[in-house]
Each structure stands twice: as C-alpha cells, then as structure tokens.
Amino acid sequence: MHVPDGFIDAPVSVATGVVAAAGVAVALRGSRRELDDRTAPLAGLVAAFVFAAQMLNFPVAAGTSGHLLGGALAAILVGPWTGILCVSVVLLMQAVLFADGGLTALGVNITDMALVTVVVAYGLFRLLVKTLPRTRASVTAASFVAALVSVPASALAFTGFYALGGTTDVPMGTVAGAMVGVHVLIGLGEAAITALTVGAVVAVRPDLVYGARDLVAPLELRTAPAGNGTETKAA
Amino acid sequence: MVGPVNASSSPSASPVPSLEVTGLAYAYPDGHQALFGVDLTVGAGERVALLGPNGAGKTTLVLHLNGILTGGLGGVRVGGLPVEKKNLAEIRRRVGIVFQDPDDQLFMPTVREDVAFGPAASGLRGPELEARVRRALEQVGMEEFADRPPHHLSFGQRRRVAVATVLAMEPQILVLDEPSSNLDPASRRELADILRSLDVTVLMVTHDLPYALELCPRSVVLSGGVIAADGPTRDLLCDEELMRRHRLELPFGFDPRTVTVPA
Amino acid sequence: MVGPVNASSSPSASPVPSLEVTGLAYAYPDGHQALFGVDLTVGAGERVALLGPNGAGKTTLVLHLNGILTGGLGGVRVGGLPVEKKNLAEIRRRVGIVFQDPDDQLFMPTVREDVAFGPAASGLRGPELEARVRRALEQVGMEEFADRPPHHLSFGQRRRVAVATVLAMEPQILVLDEPSSNLDPASRRELADILRSLDVTVLMVTHDLPYALELCPRSVVLSGGVIAADGPTRDLLCDEELMRRHRLELPFGFDPRTVTVPA
Amino acid sequence: MGAGHAHRLYREGSSPVHRLPPHCKIAATFLFVLVVVSTPREAFAAFAGHAVLLGTVAVLARVPAGFLLKRLLIEVPFVGFAVLLPFVARGEQIEVLGLSLSVSGLWGAWNILVKGTLGVAASVLLASTTELRELLLGLQRLRMPPTLVQIASFMIRYMDVVSGEMRRMRIARESRGFETRGIRQWSVLAKSAGALFIRSYERGERVHLAMVSRGYAGTMPVIDAAVASRAQWARACALPAAALGVCLMGWLVP
Ligand SMILES: Nc1ncnc2c1ncn2[C@@H]1O[C@H](COP(=O)(O)OP(=O)(O)OP(=O)(O)O)[C@@H](O)[C@H]1O
Ligand SMILES: Nc1ncnc2c1ncn2[C@@H]1O[C@H](COP(=O)(O)OP(=O)(O)OP(=O)(O)O)[C@@H](O)[C@H]1O
Ligand SMILES: [Mg+2]
Ligand SMILES: [Mg+2]
C-alpha cells in the first residue's frame, strides 16, 4: 500500500501532507509524556519490527500489494503518540533507504498507515481493555481485535484518498470492496502476530506494555540465603 | 561463617569508601526478586573478589553500582556520592564496568571506535584520544585487531576488547563481571598483572577461586541475594563448610594452604 | 612437540572413527581465514580436550562438525558419514553441540520448551518427551526453572540450560565449546561427573587446563588454525615449552605431575 | 552488533555524488521528485528529459544501469495496478489490438508508471550513494525533530540486533534437527516471534545501557561537523534546477 510518486494528484498530496505533518507534530508533543530514556530504545525496536513486517508483501487484488502495517503493535507497546512516531519513521526511512513509497506521497502514506491505524487500533484497544476483565488474556484478545480492525480501516482511508485525488476515473465501489475484502485477510495475519507478540511481552515483561505497568509485588528483605534457617522480614 | 571484616591490609582506612551498598533489594520486572538486602563496603584501593553460586545475584548487584538497575530498596554510594539520576554522569565516569557478556558491551563498527567511545564521550579528542586507545588495546594484546568489527572476533578476543573499552576510560573503580572466563590462560595471567599494576579499586566477580586468591586479598560471598561471608580470601577458601554450602568447591588439584600469593 | 597419537586407552580401535576431519581450511565471509588445514580423528567413546589460544580457530572447527559452517576446503565425516547437505538431518541427530555463547543456543519462550525442542523435532512425544526433559533438567540442576524464560536467567544458569538442551537429545557425539566457563565450581564438577557417566564421544574446547586433565585422557592443541600437538593430556601439560608457545600456562598453584586423575 | 554503517542499497564509492553532503542530496532528491510530479502527463519529451538528467547523475555516481533497473522492481505492485487501469476505468473507450481500453485509464497508467519510476530511480540513486549514518545526519541537519532522529537511529541499530538474533535462533533450531518446512514450522516460528521480540529488545536494552555506562548521553560523539559549502549546495541543486527547466518547457510547449 506504499503509494509511489504521481499516484495521487497534487492537491490531495499537499492536503494529506499537511494532515500528516500536523499529526506528527501533535504526536511529538504527546510523546514527551510517554518517552523517557528507556522507552526511546523500545520505540526504536518497535520501529525495526514494523519495518521488517512491512517488508512481507502479499499480492492484493487489482494489482496493488498489501502487507502487515504494525500500527496496532506500536500503539499498544509504546503508546499512541510514540506509536505514530514509530510508524512515521518507518515510512520515511523506507522512502529514503529502499525507495519504497514516494517522497512526495509521504503525506498520504503517513496519514493512512500511521495516523489511521494507530488511532483506530488504540481507541479500540483501550475501549476493550476497559470493558473486559483485567487479565492478561484480555490484553491479548483486545490487541487481536484492535489489529484486525486497523488494517481494513487503513485500506478504506487509502481508497478514500484515491477517490479524492486519483488521477483516473475508476468505479470506486468495486475498488473499495476489493481493498477492504483483501485487507480483512491481511488483518487476520496482522492480528495473530500482534496478539502473539503482545501476549509474549505481557507474560514476561509487563513493564514494557504501555498501560500495564502496575503489577509490582513488594520487595522482601533477608539476612541469610533462603533455605537454611531463613529469617525474612517484609519491606 | 566468617563475619564481615574489612580487610585491614588495604588502605580502607581512607575516610570515604569507594563503594558503599546498604540494604539493597531488587526485583526484576517479571517479578523475580534477586537481591534481598545487601550490605557491602569497599575501601579506596581495595581489591575484592565477589564469589557465589550461579544465580546468587552477583550480576544484579554489579548493575546497581553505576545506576543501570535502580528502583529497588536501599542505596548505593560511590565515593560518597549517592547513585541518583542527577549524579549518574559523574558516577559513570568513576565506575567502569566490564559486563559478563562481551556482546552487550561492544556496539561500534570497529574495535578502535568501540574503545574510543568512552573517552570520546568524556571529551577527549585527537592524538590524546588515539594514544589512550592504542595503550588500552596494547594492554589486552589486541592492537592488531583495531580495524576489525568486534562481532567478527572470537569470544575470547571480544572479552579482551571489552576489557580494553573500560581500561581506556581510566575509571577510579573497576568492576569486572567474570573477566577471566573464555580467556586463554596467558591472557588470564596478563589480566591479573594489569589489574595488580593499576592503582584503582577493584571489585571482581569470579568463579575461579585460585584466581580470586591470587588477585584479591579480600573476598565476599553472595548467595541467595544476601552477603553470606566477608573476609580474607584465604580464610574463606579454607572454610570447607562455608564453601560447600555456597557451591564453592576448590578445583581439582588446588590447595589454598600451600600456595604463596604474589606480592 | 608431542606428535599426533591416538590415545590408546580409549576404544579408538573401533573401525569407524566418530569424527574425522581432513585438511579442513576455512575463511569467514569477510575474508579472514581461520583454519589452515586441520586433520583430526576422534575414535568412538573417546574424550578429547581441544586446547589453544584465543582466536586459534577452535569455535570455527566446532561449527564445522555439524555443518553449520561449510564451503571451505577439506572435509568432515561423522561416524563415516560425510557432512553434506543431504546428510545434515542425520548428522545433527548424532552430533550435539553446546555453543560457547548460551544465547546462541536458547530461543524458546520457556526453559521447558527449549529443552523439549530437540527431542520433539526428532519425533518424541507425550510422557516420553516429558521424562526426557525432566531428566535433562535434573542433570544440570535446573528443574525449578522449567517455566521461566531462558533469557531471564543468570549467565551461568543459561549455560546449564544450554547443556540440558543438548543432553536431552541424547547424541552419540557431544561437542562442548567451553562448557565450564561461567559455571560455579560445584556445577563445574557436576558437569564433569555427567560427562564421565555418559557413554558417548566427547570433544570439549576448554581454557581450563586442570579441567581438561581431569576429564579427558587425550588433548589436542589448535593454534593459528592448525593442529600443533596431539597426545595424552598429562604429557602435553608437562611440556612447558609447548604450553608457553601456545599461550597455555598452568594456573597458579597447579602441578599436573602431582595430581591423580579420577577414574 | 555493528552500528550498521552500510545498508542493502548502498554502493561503496568516492564519486562526486558520494562526496556531496547528505542533506544537500536529500533536499535535491525531494525537489527533483516534486518537479517530476508536477510535470504535465502529456509532455512526453519532458519525461525523457528527466530520465536523461537522472541517467547523467547515475553515470557521475558510477551506479551501473543493471543495479538501478533491478531496484526499480520495488515498483512492481503498482505496475500491476497501472496495467489494470485501462481495463477498469470508465469514460471514452478506444480499440487497441481488439481490446476495448479506456482512454483516461491509459493516461492514468502512463502517469503512474512514468512518475513512479522516475521517483523510485531518484530515491535509489540517493540511497546507493549515501551511507545509513550519513542519511540520518542529513535528516538531522534538515531539522528533522530530534525525537524522530533518535527513534530512527535506534531503529537502524535494532535492525542489526533483530537480524542477528534471528540468525542465532535459526542456527540454534537447525543444530537441533529442525527442518524449515511444513505446518509445524509456522507454529514454531509464530511462537518464537514473541521470544524474538523480547530477546532483541533486551539485547538492545543491555547494549544501550552499556553505552550509557560509558558516557553516552543521547547523541553519538560527532567526529566530523561538516557543513555544506555554497558550491556543494549549488552542485546538488543543479539536478532539480535542470528538471525545473525541463518541466517548464513541458508546460509551455505542449
Ligand atoms: N532479566 C532478568 N529477569 C528476571 N530475572 C532475572 C533476570 N536476570 C537474572 N534474573 C534472576 O535473578 C537471579 C540473580 O541473577 P544474576 O544474574 O544476578 O546471578 P549471578 O550471581 O550473576 O549468576 P551467574 O554466576 O550465573 O552469572 C537469578 O535467579 C536469575 O534467574
Ligand atoms: N564471524 C567472523 N567473521 C570473521 N572472522 C571471524 C569470525 N569469527 C571468528 N573470526 C576470526 O577467526 C579466528 C578464529 O576464531 P574462533 O572463534 O574460531 O577462535 P577460538 O579458537 O574459538 O577462540 P576463543 O578461545 O577466543 O573462543 C579469529 O582470529 C577470529 O578473529
Ligand atoms: Mg552473573
Ligand atoms: Mg571460541
């Protein structure tokens, strides 16, 4: 879904460019709350993962390609603001490193693959986590659904931009149907990978999942190694 | 059990101890608690061995000494300075840590750049920087490898470069987490010579008991997340009951009573 | 220099040697040549120590024994079977390698799954598999840790799990790359006991010369990518000139002449 | 765990293009693509002009044509889309070789193909003459917000870590008799994806902490503080300037 140069006409490219820039600017301000000196490396890792995931391309109807988007994973692990930054960085680096996605189409690409996926996925994730019982399984299930929905949502946004700024007159209904249909399939793959990863991380490093950091047990003090006449006192 | 004793031979009479750990407790993020209240004082210029079974919490303790791990109970002071966010820069200039896994330590594209990283970050430039790097690489015998990428070296070579990266920073306090593992015997002896020649405080984690005896007048046994013994190394090694309790057996063919420690 | 001798005490009279390396030369993809023609034969049931300085090529040689590295000159045969693409599955069932870095070995989310991986890949299932896993973890004393993620263990604990993953596969040939480094002294002795109790061929890389003497009747010195000596371990260790030439010094307080090797 | 100073598209070299400061090159590429996109699709000659300009840069940079063409394959999915356009688009139809094609679809396909190809070719030239570290420095000098630069540099470091850990895990699996085929493979791979994430993260975290232990405070010690001279800017901007000329001709001479 990386749009190349010349695919979308100038007015829509400029408009989405403005939207993307504004979105990233807001995310930069918001991320100051999420990003300390340890979450910066986490954001980098999430970006590296999203980068790798986006390299897996599936052929999609009407000749375009589809691939995993990673917006949901990013938002759930590092929070929505940093998540937007991660995916945007990935898109930018893909454009300059691999010529994947046009430089002048960055606005379109960031808007539908960073902003839309993160907003949809994170909104849905929070909603589900709030309504489901507070267990690890709920977190995993919520991330599955959030990831599943975020992919067709992004495809729909892409189709919308094409309807507005496509350089050719094609029957939009058909295109939208095909895009959404195929992206539901991709969404299933995305959902499985997102849920597995989030599940694995929650299991052993709950501190790394944004919003699930309040599971700390109190520390214990001892004067001798446990096992042989241990005296313990609670701290 | 040998009670906590500050080795009196070393200049630990200095008013401010190099390292002062009090009541340190720590649990990893997955909930596993590794330290349960550790107290330890190391005087300036002392060389202390930190012994103990696998999983005792030695590495966890070491990672607290320059503020890499924080957030548990208790505290650490380095030369009187508490390990807190605002002092971290100064503390990391004072304390050099050689990690147990050299892959964690080496991250630059070439050995030379890696060794230069620390001194460069503290402001050294030009010929001075170069001399510092060259000297550190010579000390560990890796000067020929300066232009190779560290991840293309053998494990023992990487360990030597890891030691060099810390030596190049000329810290006042050297903390080494099993520095001699994977080194060939000659490099092991050379490392001992280097450590003996430096005028710094040394805390060395090791499972090599003869090496501890050779190099450190004082030893501390950490076991199950607490200090189990602290005293002159030879006394600890001769206390068979203590040794056995903490999985510290003397190796095959070694008798601490009969060997003479180099000066 | 001690000439190439097959230790005659071991059952190396068996017609097909366990390992047969002939004229092996290898250069890494960056152009650095590590092996320059290695010849080595290990009979079935022998225990051989592979000694040599850092960077000698020991790990490189080990990685050829189950076809992880290939493409140089010369060849390797395992129990008569050449190491070639079409035999790899069979060869990897026969040869179990404990890597020098336990992080290279452990990859599953829990210790139990990691130890089960090898036997499961070779078709074991159900209670049999479980028993195999339990036994391997008991042998290295890590049964309590079965449900922890391996990357959250201490370095020595990871090394022990790494050994367990290979023991669980019950290979005919065990190749261990510095298995005792980072182990506490008791675990080190326990590992020696395990190796002595198994009826398999063992090739063990080590820098711990007393350990080599304790465990392996025969030793081979690899240096600069070629075999420099091959003979009974005690003879090699007593040849001071040879030892010094290859950076193999005996540790402080150890005299190979005076110790008796356990049966 | 190298800090990743080269990447897949980069070609070692010391051509005049390689030596230009990275921020000049990035700016020039962006401006060039902007010009290409705003060239009217009817101006066939102008696109030929753009292609000649890029060809000249490729020759100066000593990037072989084969390499460039191979990298253009990244565009293939959109070529597929473009090929379909004449069949699905509505409006006036014409008959070509017995097929009924849409005129606007043909124009759309041509537009996408030519502009997309020129855009990809320009980006490939940028990437093949600029090291990774330089690209980051360039973006930094072009005032990309520091947080984004930081995330990007961690991302690049972690790509090495992730691929390194992936390689270790593959060797570990294969050494224990695992063959990468069949359904079981997928379940094992899916299971190890989570482990891979945590492993990579924790390895990266430990490396990060080791850097911090040696005085790292957020920025790599910059050895060369190169600023671009006016001459270098002029040289870099020659490409978009020439393209602008071509583009204006395209508008004026239909
Ligand atoms: N990242 C981690 N997450 C959770 N638990 C951990 C982690 N690292 C270590 N532990 C646990 O904390 C305890 C102490 O580990 P530590 O690494 O400090 O041991 P150690 O004394 O250095 O052992 P070794 O001699 O094997 O290096 C161990 O039980 C270990 O399983
Ligand atoms: N991935 C690699 N790429 C290039 N060269 C390498 C690589 N790994 C090792 N080497 C080089 O090959 C030589 C042999 O390395 P090897 O790892 O086999 O040594 P070793 O005998 O196992 O040493 P150690 O005792 O330190 O583990 C060394 O000079 C090393 O620098
Ligand atoms: Mg440790
Ligand atoms: Mg090795």
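Chain naming here is simple, since letters A, B, ... match the order of the sequence lines and numbering starts at 1 in each.
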### Message
So C:Leu106 and C:His151, do their side chains get closer than 4.5 Å, heavy atoms only?
### Response
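Sidechains of C:Leu106 and C:His151: no contact.
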### Query
Would you call C:Leu35 and C:His64 a side-chain contact if the rule is heavy atoms closer than 4.5 Å?
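Heavy-atom side-chain distance check passes, below 4.5 Å.
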### Query
Quick one: what part of C:Arg244 sits under 4.5 Å from any heavy atom of chain B, side chain, backbone, both or neither?
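It is neither, since no heavy atom gets under 4.5 Å.
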### Query
Within residues 184-192 of chain B, which positions have a heavy-atom distance to chain C below 4.5 Å?
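Checking residues 184-192 of chain B against chain C gives B:Asp184, B:Pro185, B:Ala186, B:Ser187, B:Arg188, B:Arg189, B:Glu190.
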Tell me which of these, [options], has more heavy-atom pairs under 4.5 Å with chain C than the rest.
options: B:Val205, B:Thr60, B:Asn54; value: B:Asn54
options: B:Leu183, B:Asp177, B:Leu153, B:Thr206; value: B:Leu183
options: B:Arg148, B:Arg160, B:Lys58; value: B:Arg148

#### Entry: Residue-level interface, residues 26-33 of chain C with chain B, non-hydrogen cut-off under 4.5 Å
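Within residues 26-33 of chain C, the residues that come under 4.5 Å of chain B (heavy atoms only) are C:Asp30, C:His32.
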### Query
Is it the side chain or the backbone of B:Pro53 that comes within 4.5 Å of chain C heavy atoms, both, or neither?
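Answer is both: backbone and side chain atoms of B:Pro53 are under 4.5 Å from chain C.
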### Message
Quick check for you: among C:Asn182, C:Leu209, C:Leu51, which has the greatest number of heavy-atom pairs under 4.5 Å with chain B?
### Response
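The option with the most such pairs is C:Asn182.
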### Query
In terms of heavy-atom pairs under 4.5 Å, which option from C:Glu178, C:Met243, C:His152 contacts chain B the most?
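Of C:Glu178, C:Met243, C:His152, C:Glu178 has the most heavy-atom pairs under 4.5 Å with chain B.
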### Salt bridge C:Arg245-C:Glu241, side-chain N to carboxylate O under 4.0 Å
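Judged by the 4.0 Å cut-off on N to carboxylate O distance, C:Arg245 and C:Glu241 do form a salt bridge.
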### Query
Hey, is the main chain of C:Asp114 close enough, under 3.5 Å, to the side chain of C:Thr165 for a donor-acceptor pair?
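Judged by distance alone, no pair lies under 3.5 Å.
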